[in-house]
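Here is the structure we will look at.
Just so we're on the same page: letters track the sequence lines, and every chain starts at 1.
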Amino acid sequence: MKFLVQELLAAAAARAWPNIDIPSAPHIERTRDAGHGDFASNLAMTLTKQARRNPREIAQAIVDELSDDERIARVEIAGPGFINFFLAPAVFRATIDEILDSGDQYGRSHAGDGQKVLIEFVSANPTGPLHVGHGRGAAVGDCLARLYEATGWDVTREFYYNDAGVQIDNLAHSTQARCRGLTPDDAGWPEAGYRGEYLVAVAQAYLARETVAADDREVTGAGDAEDLAAIREFAVAWLRREQDADLRAFGVQFDVYSLESALYSEGRVAKTVDALVAAGHTYEAEGALWLRTTDYGDDKDRVMRKADGGFTYFVPDVAYHRAKWERGFARAINEQGADHHGTIARVRAGLQALDIGIPQGWPDYVLHQMVTVMRGGEEVKLSKRAGSYITLRDLIDEVGRDATRFFLIARKSDSQQTFDIDLARSQSEENPVYYIQYAHARICSVLRQLDEKHMPFERMQADYSRLESEHEQRLITVLSRFPETVVTAAEDSAVQTVPHFLREVADAFHSYYNAQKFVIEDASLRNARIALVMATRQTLANGLRLLGVSAPEQM
RNA sequence: GCGCCCGUAGCUCAGCUGGAUAGAGCACCGGCCUUCGAAGCCGGGUGUCGUAGGUUCGAAUCCUACCGGGCGCACCA
C-alpha cells in the first residue's frame with residue numbers, strides 16, 4: 001500500500017519537474033494523526049533548493065500531475081508543504097483479501113531478486129557450551145536470515161570455526177588431564193586449561209571409545225589418554241555435537257560449516273599472503289611481514305607473518321572472506337559480538353589490498369552487544385575457564401525456546417541487554433511473547449467455536465464495507481503495514497521492529513476482540529469479521545515465523 | 001590516550017536515512033468474566049529525549065565538544 005503511493009507520487013513529481021532529480025522511492029510515511037490522511041510525504045520540502053520555489057507551490061504542481069486513481073480518495077497539501085494522501089476505504093479492505101489470498105506468502109517480497117547472500121553467525125569455537133551471548137547471535141542471525149529469505153534473497157547460513165589453533169590445543173590438554181583423572185586444582189593441570197566440568201563427560205566418552213556425530217563431523221574415541229591428537233579430534237567433535245544440539249533446540253540450523261584449518265590445508269592462507277605481497281601493500285620490519293592496512297583506513301598496520309614464521313589470525317580471516325567473495329556472495333553479513341568490532345576495519349582493509357574488486361564496505365557487519373545475565377538479583381559472570389556460566393541450553397530449558405528467542409530479538413542488537421532469568425521465569429505470563437501468541441490462539445479458538453456452531457466461513461458472503469468501527473479500521477491498517485515492516489527490517493538489519501509490529505497487531509486484535517462479537521447471526525457482517533480475524537491470524541503466524549517463534553493454536 | 005556502541009517516563013525499552021502535539025510494556029490506582037479463552041479489555045499521569053553549542057523553515061533524529069556507562073585497542077584467537 002505504501003509502495004503504491006510511493007510510485008504514484010514519484011511519477012507525478014517527475015512529470016511536474018522534469019528537470020529535477022526525483023528519488024524513485026520518495027520518502028513516504030504513515031501518519032500519526034488521521035487528520036493528516038493515511039500517508040504523508042515531505043517530498044516538496046526536500047525539492048525547494050533545486051526548484052527554487054516555496055514548498056507549497058511545488059507540492060501543488062506535483063498534486064496537479066497526480067494521475068487519477070480510484071484507490072486514492074483525496075490528496076491535500078498541508079502545513080509547510082506536506083502532501084497528505086487519503087486512501088479509499090476499499091483499499092484497506094482489499095488488504096483482507098490480499099492476506100487471505102497470499103496466505104503464508106503475505107509479507108514476502110522479491111526485493112532481493114534471488115541474489116545470493118551469505119549470513120555468517122554464531123561461529124563459536126568448539127571449546128565449550130554455547131552461552132547467552134552466542135544465543136543472542138543465534139537469534140539475531142537466524143532472524144536476519146529469515147528476513148532476507150522473506151524479501152527474496154537466496155540465503156546461505158554459515159558457521160565458521162577454528163579446529164586447530166591455540167584454544168583447541170588448550171581444549172585437548174584440558175581433556176587429556178581429565179582423562180588422567182586430574183581436576184583443575186591438582187598439580188599437573190594445564191596452565192590456563194578449561195576448568196569446566198563438561199570435560200569430564202568428554203574424557204569418559206573418549207576413554208569408552210564412544211562415537212560422536214556432529215552435523216559436520218563424526219569421530220570415534222581412541223581411548224588412549226596419551227594420544228593428544230586423537231583426544232583433540234574427539235573433543236572437537238563432542239563439543240560441536242553439543243553446540244549443534246543446543247542450536248537445534250533453539251531452532252537454528254546451518255547450511256555450511258567452514259573450518260579455519262581448511263584455509264591452511266587448501267593453501268588459501270599462503271595464496272592470500274602471496275597476493276598481498278604481489279599487490280605491493282606489504283613490507284618487512286622487525287623480522288615480521290606487515291600489511292599496510294593504514295592505507296585503507298585502519299588505525300595501524302598489521303602483522304601478517306610473525307617473526308617466528310607463523311601467521312596471525314588476521315590472515316586466515318582475510319583468506320576466509322576472500323573465499324566468500326569468490327563463492328559469489330555479492331552480499332555477506334557477519335553477525336558477531338561487539339567485542340570483535342576491532343577486526344572489522346582490518347578485514348576490510350585486507351580485502352581492499354587484494355585489489356580484486358571487492359567493494360569498500362564489504363562485508364556488512366551486524367554486531368550485538370553484551371548480554372548480562374541476572375539470577376537471584378545478581379549478575380552471573382561468564383567465565384568459561386572457571387566453568388560456571390549460564391549456557392544457552394540453560395536458558396532454553398528454563399524460560400523456553402519461544403520466550404528466549406523473542407527476548408533476544410526484541411531489542412536493538414547494538415544495545416546492551418540484561419537477561420533476568422528469574423524475571424523471565426516467574427513472570428513468564430507477562431512476557432510479550434505470550435501476549436502475541438495468545439492473540440493467535442484466541443483467534444484459533446474463535447474459529448473452532450464457529451465450526452462447532454456450524455457457521456463455516458464463506459468469503460463470498462462477507463461485506464467488508466460493514467467493517468466500519470474504529471477497532472476494525474485500526475486492525476486493518478496495522479495488518480497492511482506488514483510487508484513494508486519486513487522490507488525495512490531486512491534493509492536495516494533491524495530485527496527488533498518485527499516483535500514490535502507483532503505487539504501492535506496483538507494489541508489491535510485484543511481490543512477488537514473485547515469490543516465486538518464474531519459468533520453472530522448476521523451473515524454478511526459475521527463473514528466480514530471472520531475474514532478480518534483470519535487475516536490477523538495469518539499475519540501473526542507469518543510474523544512469528546520470521547522470529548522462529550511458534551504460533552500455537554491453543555495455550 | 002585512540003576507536004566503536006549506548007545514554008528517551010520510577011524500571012525495561014521503541015522511535016533515530018530530520019517533519020506536523022515524544023510512544024509502548026512493566027510497576028501504581030480504579031473499573032470489566034451468566035455471552036466467542038480475564039495469559040485479555042477499558043480508564044487514570046509521568047518526560048530538562050545525558051549537557052552545551054551548531055546546521056535547518058523544522059532536531060530525540062544530523063554535526064561538534066563535553067559528561068556518564070560498556071566494549072575493543074597483541075608478532076592471542
Inset, instruction - For A:Q554, answer base if it contacts any base atom (sugar-phosphate contacts may also be present), sugar-phosphate if it contacts only those atoms, and nothing otherwise; contact means non-hydrogen atoms under 4.0 Å. - result: base
Inset, instruction - Taking atom C1' in both B:U61 and B:G1, compute the distance separating them and give it to the nearest angstrom. - result: 31 Å
Legend entry - Distance-only donor-acceptor test (3.5 Å): side chain A:Y313, base B:A77: yes
Legend entry - Face-to-face contact A:H341 to B:G72 six-ring, under 5.5 Å, under 30°: no
Inset, instruction - Classify the side chain of A:Q167 and the base of B:C76 as holding, or not holding, a donor-acceptor pair under 3.5 Å. - result: no
Inset, instruction - Measure distances between side-chain N and O atoms of A:H340 and base N and O atoms of B:G72, and say whether any donor-acceptor pair falls under 3.5 Å. - result: no
Inset, instruction - Identify whether the distance between the nearest side-chain nitrogen and carboxylate oxygen of A:D301 and A:R346 falls below 4.0 Å. - result: no
Legend entry - Torsion-based syn/anti label for B:C33, 90° from 0 as limit: syn
Inset, instruction - Decide, yes or no, whether a salt bridge links A:R474 with A:E504 under the criterion of side-chain N to carboxylate O below 4.0 Å. - result: no
Legend entry - B:A14 and B:G53, which share atom name C1', separated by this distance in whole Å: 28 Å
Inset, instruction - Answer yes or no for A:R442 and A:Y513: cation-pi contact, defined as NZ/CZ to six-membered ring centre under 6.0 Å and angle to ring axis within 45°. - result: yes
Legend entry - Whole-Å C1' distance, B:C49 and B:G18: 15 Å
Inset, instruction - Provide the distance between the two P atoms, one in B:G47 and one in B:A60, to the nearest whole Å. - result: 16 Å
Inset, instruction - Could you state the atom-to-atom distance from CZ of A:R30 to P of B:A20 in whole Å? - result: 17 Å
Inset, instruction - Between A:R442 and A:V166, just flag the one whose closest nucleotide in RNA chain B comes earlier from the 5' side. - result: A:R442
Legend entry - Six-ring centre of A:Y296, A:R292 cation under 6.0 angstrom, axis tolerance 45°: no
Inset, instruction - Tell me whether the guanidinium CZ or amine NZ of A:R240 lies under 6.0 angstrom from the six-membered ring centre of A:F159 and within 45° of its axis. - result: yes
Legend entry - side chain to side chain donor-acceptor pair (under 3.5 Å) assessment of A:Q167 paired with A:N162: CA-CA 9 Å; A:Q167 292 182 28; A:N162 184 356; over 6 Å; no
Inset, instruction - Considering just the side-chain nitrogens and oxygens of A:K412, establish if one lies under 4.0 Å of OP1 or OP2 belonging to B:C16. - result: no
Legend entry - Distance, rounded to the nearest Å, where A:H368 contributes NE2 and B:C5 contributes P: 16 Å
Inset, instruction - Provide, to the nearest angstrom, the distance between the CD1 atom belonging to A:I28 and the C1' atom belonging to B:G19. - result: 14 Å
Legend entry - Presence of A:R529 side-chain N/O under 4.0 Å of B:C36 phosphate oxygens OP1/OP2: no
Inset, instruction - Answer with base, sugar-phosphate or nothing: what part of the nucleic acid does A:H36 contact at a heavy-atom distance below 4.0 Å? - result: base
Legend entry - A:Q417 vs B:G70: side-chain N/O to OP1/OP2 distance below 4.0 Å: no
Legend entry - Residue closer to the 5' end of RNA chain B, A:S41 versus A:D492 (nearest nucleotide): A:D492
Inset, instruction - Remember a base hit wins even if backbone is also touched, and classify A:M45 as base, sugar-phosphate or nothing at under 4.0 Å, heavy atoms. - result: base
Inset, instruction - Pick the C1' atom in B:C66 and in B:A27, then give their distance to the nearest Å. - result: 35 Å
Legend entry - Length of the CG-P vector between A:L408 and B:U12, whole Å: 17 Å
Inset, instruction - Give one of base, sugar-phosphate or nothing for A:R503, where a contact means two heavy atoms less than 4.0 Å apart. - result: sugar-phosphate
Inset, instruction - Quick one: label A:M555 by what it contacts on the DNA or RNA (base, sugar-phosphate, nothing), any heavy atom closer than 4.0 Å. - result: base
Inset, instruction - Could you check whether A:K300 gets within reach of a base, just the sugar-phosphate, or nothing at all, counting any heavy atom under 4.0 Å? - result: sugar-phosphate
Inset, instruction - Rounded to whole angstrom, note down the P distance from B:C13 over to B:U8. - result: 9 Å
Inset, instruction - For B:A9 and B:G44, measure between their C1' atoms and round to the nearest Å. - result: 15 Å
Inset, instruction - Check RNA chain B for consecutive Watson-Crick or G-U pairs with both distances under 3.5 Å and list the runs of at least three as stems. - result: B:1-7 with B:67-73, B:10-13 with B:23-26, B:28-32 with B:40-44, B:50-54 with B:62-66
Inset, instruction - Tell me whether A:Y435 is stacked on the nucleobase of B:A39, counting only the six-membered base ring and applying the 5.5 Å and 30° thresholds. - result: no
Inset, instruction - Answer with base, sugar-phosphate or nothing: what part of the nucleic acid does A:N42 contact at a heavy-atom distance below 4.0 Å? - result: base
Inset, instruction - For the pair A:D299 and A:R302, find out whether any cationic side-chain nitrogen is under 4.0 Å from an anionic carboxylate oxygen. - result: yes
Legend entry - A:F501 side chain reached by A:V478 side chain, heavy atoms, under 4.5 Å: yes
Legend entry - Side-chain N,O (A:Q449) to OP1/OP2 (B:G37) below 4.0 Å: yes
Inset, instruction - Calculate the interatomic distance between A:Q496 atom CD and B:A14 atom C1'; express it in whole Å. - result: 8 Å
Inset, instruction - For A:A439, report the nucleic acid contact type (base, sugar-phosphate, nothing); a contact means any heavy atom under 4.0 Å. - result: nothing
Inset, instruction - Find the distance between CG (A:L502) and CZ (A:F482) and round it off to the nearest 0.5 Å. - result: 6.5 Å
Inset, instruction - Select base, sugar-phosphate, or nothing to describe what A:E286 touches, counting heavy atoms under 4.0 Å on all strands. - result: base
Legend entry - Close approaches to RNA chain B from residues 508-520 of chain A, in residue order (heavy atom, under 4.0 Å): A:H510, A:S511, A:Y513, A:N514, A:Q516, A:K517, A:F518, A:V519
Legend entry - Rounded distance [0.5 Å steps], CD in A:Q6 versus CG in A:L43: 10.5 Å
Legend entry - Whole-Å P distance, B:U46 and B:A52: 22 Å
Legend entry - Donor-acceptor pair under 3.5 Å, A:N84 side chain vs B:A20 base: yes
Legend entry - A:R466/A:E472 salt bridge by N-O under 4.0 Å criterion: no
Legend entry - pair A:L395-A:F419: side-chain heavy atoms closer than 4.5 Å: yes
